[in-house]
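This is a predicted model, so every value here is computed, not measured.
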Amino acid sequence: MKRDNMFLEVILLLGVTGLSSSAIQRPDYDDTPHPEFLNPSWMSYLPDDQPLSEVTMPGTHNTMALFGGVYAECQTWSLASQLRAGVRFLDVRVRHVNGNLTLHHGVSYQRAHFGHVLEGVVEFLTEFPTETVLMRVKEEFSETNDIYGAVVDYIHRYAHWDLLWHSRLVPTVGEVRGKIIIMQDFSGPDLGMRYWSMDIADRWKVPTLLHVKEKWQSIYDHLEAAPGGNLAQIFLTYSSGAGLFAFPRAVAQRVNLLLYEYLQSKTVQNQRLGIICMDFPAAPMIQMIIDFQLIKEFSTVHPVASLKNTTESIRHKINTKNIA
């Protein structure tokens, strides 16, 4: 018995419980290839004069990190699937080599380049012009500190210059429908808004799964601060985390559950939470975030019942799930 307990502790420490060979599709966590359902035009229900800083929206951390094994993979849905599921904040990491911007998560090449992201977003916004997409762009696995010119070149080649929001100011929803907002995490003249202008919580280091509690506390504290924070400033909370002995999947399986239960307890309070950026989010989780900020204006006209009808039927799946 003592040996068995020690073995379980080692499993918990190493995070290997996140290495299940079978895909999981829970209401809070999904590492299957496709979302359970889609919501591609939810921003059409927002009033034009609503400041973007007062919108609560779902995002994905390391949006394009679909390859590279357990240390590198943060998502399993394609970019198109993420956007159609309702994700509106993208976290894009590019490696810069001689003007080329390939997509990376650390050392792991993600089998695409920045142009593929731009083309995918442009295609989405062309089909759904009521939406807007915020895109953090950051250099990864190279240290040139000089990606501005390459980013501009890619925008001209794969998107349209007038498709961007060219201001540091926080826009209204109506001002950016059909547009990309570059959240600029690199030096150079303004392409859009500055990434660090947001109020950001990103305690991403989770050394082992024994540290998930501390990770969740940082998420909880920031979400609790968001409603009373500066409404003119966008709040951004990362629920993602990883470490040498805590892979992204294993962390997400635990943190996403806590996040889902937290949001479930808050849905009647009509509060601004900002951007919630996740690894392996599930469609019901994304829908809950979308409905959360729509309730204030559209509780009588928007079909939020779609979430409420599914919540009761899936709640027992979460409550009875054996999560370490």
Side-chain angles (χ1 to χ4, degrees), residues 15 17-42 45 56-63 66 73-78 80-89 206 209 212-213 215-216 219-220 223 237-241 247-271 273-295 298-299 302-324:
T17 52
L19 303 182
S20 174
S21 59
S22 59
I24 300 172
Q25 190 174 71
R26 299 191 326 228
D28 59 306
Y29 171 94
D30 190 347
D31 63 9
T32 67
H34 305 290
E36 185 178 346
F37 55 85
L38 306 176
N39 193 347
S41 57
W42 63 268
Y45 295 96
T56 298
M57 68 177 72
T60 48
H61 158 258
N62 247 303
T63 300
L66 280 70
E73 294 166 9
C74 298
Q75 313 296 334
T76 52
W77 301 344
S78 68
S81 291
Q82 291 182 42
L83 291 171
R84 289 173 180 271
V87 170
R88 293 295 175 268
F89 176 88
V206 182
L209 295 182
V212 166
K213 181 178 179 180
K215 169 62 182 177
W216 169 248
I219 298 167
Y220 176 87
L223 291 176
T237 306
Y238 285 89
S239 67
S240 53
F247 309 133
R249 288 174 189 264
V251 174
Q253 285 177 16
R254 290 155 178 78
V255 172
N256 286 15
L257 173 59
L258 296 171
L259 177 60
Y260 188 92
E261 292 175 339
Y262 172 85
L263 294 172
Q264 200 170 42
S265 72
K266 293 283 186 176
T267 52
V268 297
Q269 297 191 17
N270 301 332
Q271 296 177 339
L273 295 180
I275 301 167
I276 303 176
C277 197
M278 303 163 282
D279 282 344
F280 305 102
M285 173 89 90
I286 290 172
Q287 186 68 48
M288 178 178 285
I289 294 170
I290 291 169
D291 284 344
F292 192 93
Q293 58 87 21
L294 290 177
I295 288 174
F298 297 100
S299 59
H302 182 67
V304 296
S306 61
L307 172 66
K308 294 177 180 177
N309 290 340
T310 60
T311 299
E312 292 301 325
S313 64
I314 63 181
R315 183 176 295 165
H316 73 282
K317 296 181 182 178
I318 295 181
N319 292 336
T320 59
K321 198 73 177 178
N322 183 19
I323 303 298

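- Annotation: side chain to side chain contact (heavy atoms under 4.5 Å, CB included) contacts of A282 (sequence neighbours excluded): D30, P284.
- Residues passing the side chain to side chain contact (heavy atoms under 4.5 Å, CB included) test with P33, sequence neighbours excluded: none.
- Distance check: C74 SG to D279 CG gives 4.0 Å after rounding to the nearest 0.5 Å.
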Pair R249, T76 - check side-chain contact (heavy atoms from CB on, under 4.5 Å), show working.
CA-CA 10 Å; R249 288 174 189 264; T76 52; 4.0 Å; yes
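- Side-chain atoms of N62 and Q75 form no donor-acceptor pair, as typed in the model, at a separation below 3.5 Å.
- T63 meets the side-chain hydrogen bond (donor to acceptor under 3.5 Å, both in side chains) test with T60; sequence neighbours excluded.
- Atoms CD1 and CH2, on I286 and W42 in that order, are 10.5 Å from each other to the nearest 0.5 Å.
- Side chains of M278 and M285 form a contact here, defined as non-hydrogen atoms less than 4.5 Å apart.
- The minimum heavy-atom distance linking Q25 with P35 is given by the pair NE2-C, 4.2 Å.
- With sequence neighbours left out, L258 forms a side chain to side chain contact (heavy atoms under 4.5 Å, CB included) with W216, E261.
- Side-chain contact between L259 and L223 is present, with at least one heavy-atom pair separated by less than 4.5 Å.
- Scored by the side-chain hydrogen bond (donor to acceptor under 3.5 Å, both in side chains) test, K266 finds E224 as partners (sequence neighbours excluded).
- D31 CG to I24 CD1: the interatomic distance, rounded to the nearest 0.5 Å, is 5.5 Å.
- Under the side-chain hydrogen bond (donor to acceptor under 3.5 Å, both in side chains) criterion, Y220 pairs with no residue, sequence neighbours left out.
- The nearest pair of heavy atoms linking V255 to V212 is CG2-CG1, 3.9 Å.
- When the ring-ring contact (aromatic ring centres under 6.0 Å, His included) test is applied to F280, the partners found at least two apart in sequence or on another chain are Y29.
- For the pair W77 and P281, the tightest heavy-atom approach, listed with the atom from each and the gap, is CH2-O, 3.1 Å.
- The closest side-chain heavy-atom distance from P58 to I290 is below 4.5 Å.
- In this structure, CD in E36 is found 13.0 Å from CZ in R26, a value given to the nearest 0.5 Å.
- In this structure a side-chain-to-backbone donor-acceptor pair under 3.5 Å is missing from R254 to L209.
- Here the straight-line distance linking atom NZ of K215 with atom OG of S239 works out to 6.5 Å at 0.5 Å rounding.
- With sequence neighbours excluded, no residue forms a side-chain hydrogen bond (donor to acceptor under 3.5 Å, both in side chains) with S41.
- Every side chain to side chain contact (heavy atoms under 4.5 Å, CB included) that S78 has, sequence neighbours left out, goes to A80, S81.
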side-chain contact (heavy atoms from CB on, under 4.5 Å) evaluation trace for M57 with I289:
CA-CA 6 Å; M57 68 177 72; I289 294 170; 5.5 Å; no
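- Heavy atoms only, all atoms of each residue included: R84 and L38 are closest at O-CB, 3.4 Å.
- Atom OG1 of T237 sits about 8.0 Å away from atom CG of L273, to the nearest 0.5 Å.
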